[in-house]
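In what follows, a structure is listed as structure tokens, so that the remarks can point back to it.
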Amino acid sequence: MLNKQEIENIIPQRDPFLMIDEVEEYVPGQSAIAYKYVNENEWYFKGHFPGNPIMPGVLITESLAQTGAIAILSLEENKGKNALFGGIDKMRFKKTVVPGDKLKLEVKIIKQKGPIGIGEAIATIDGSLVARGELTFAIVG
């Protein structure tokens with residue numbers, strides 16, 4: 001289990017844009033499982049949407065990308081580097097995410113050639129599918 005400080009030792013994102021709260025498990029270069037505890041004080045809820053707070057799909061996608069970055073940037077040869085978006089494919093959103101939700105984020109690296117790779121990304125709440133898609137990344141740095 002990794003806490004926020006340990007997560008910050010692997011990926012470069014920081015509050016308010018660090019979108020994962022803890023990592024349950026990870027296998028360097030292969031996979032990661034993380035959680036985002038969505039609370040009513042999230043900065044984006046002020047405008048999305050007043051009186052009906054819903055986590056934006058792009059931030060669910062970012063949370064998944066940061067989870068994938070844990071898997072890929074925890075490799076010894078990638079320490080101190082960054083993983084940037086190269087593409088987002090087949091991303092579908094099936095359920096809204098609201099304050100109080102515990103968002104489970106799972107990413108498996110399914111392909112990598114040099115600095116470019118693809119992660120299969122799935123977000124769920126209590127076993128119900130929230131979002132699924134493929135994230136292409138480029139390691140820079």
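Each residue takes its place number in the sequence, starting with 1.
- Taking the side chain as every heavy atom from C-beta outward, Pro53 and Val38 never approach each other to under 4.5 Å.
- Formation of a donor-acceptor pair under 3.5 Å by the Gln112 side chain with backbone atoms of Gly114 is found in this model.
- In this structure, Pro99 and Asn39 approach most closely via the heavy-atom pair CB-C, 4.0 Å.
- No chain of hydrophobic side-chain contacts below 4.5 Å, direct or via other Ile, Leu, Val, Met, Phe, Trp or Tyr residues, connects Leu64 to Ile118.
- Residues satisfying the side-chain hydrogen bond (donor to acceptor under 3.5 Å, both in side chains) test with Glu62, not counting sequence neighbours, are Gln66.
- Side chain of Asn78 to backbone of Ile72: a donor-acceptor contact under 3.5 angstrom is found.
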For a quick test of your reading: what N or O donor-acceptor pairs under 3.5 Å do the side chains of residues 43-51 make, sequence neighbours left out?
from  : atom 1 : to    : atom 2 : distance (Å)
Trp43 : NE1    : Pro16 : O      : 3.1
His48 : ND1    : Ile54 : O      : 2.6

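- Linking ILVMFWY side-chain heavy atoms closer than 4.5 Å, directly or via other members, places Ile122 and Tyr37 in two distinct hydrophobic clusters.
- Put simply, Phe137 and Ile110 are part of two different groups of oily side chains (I, L, V, M, F, W, Y) that touch within less than 4.5 Å, one to the next.
- Heavy-atom contacts from other residues, nucleotides or ligands closer than 6.0 Å to CD of Gln5 number 12 or fewer.
- For residues 18-41, every residue pair satisfying the salt bridge (charged side-chain N to carboxylate O under 4.0 Å, His left out) rule, not counting sequence neighbours, is listed here: Lys4-Asp21, Lys36-Glu42.
- Ile88 pairs by the side chain to side chain contact (heavy atoms under 4.5 Å, CB included) definition with Thr61, Phe85, Met91, Leu135, not counting sequence neighbours.
- The side-chain heavy atoms of Val23 and Ile10, taken from C-beta on, include no pair separated by under 4.5 Å.
- Residue pairs meeting the salt bridge (charged side-chain N to carboxylate O under 4.0 Å, His left out) criterion with at least one member in residues 82-91, sequence neighbours excluded: Lys90-Glu134.
- For Lys79, the side chain to side chain contact (heavy atoms under 4.5 Å, CB included) partners two or more places apart in sequence, or in a different chain, are Glu76.
- Here the side chains of Thr67 and Tyr35 are not in contact, with every heavy-atom distance at 4.5 Å or above.
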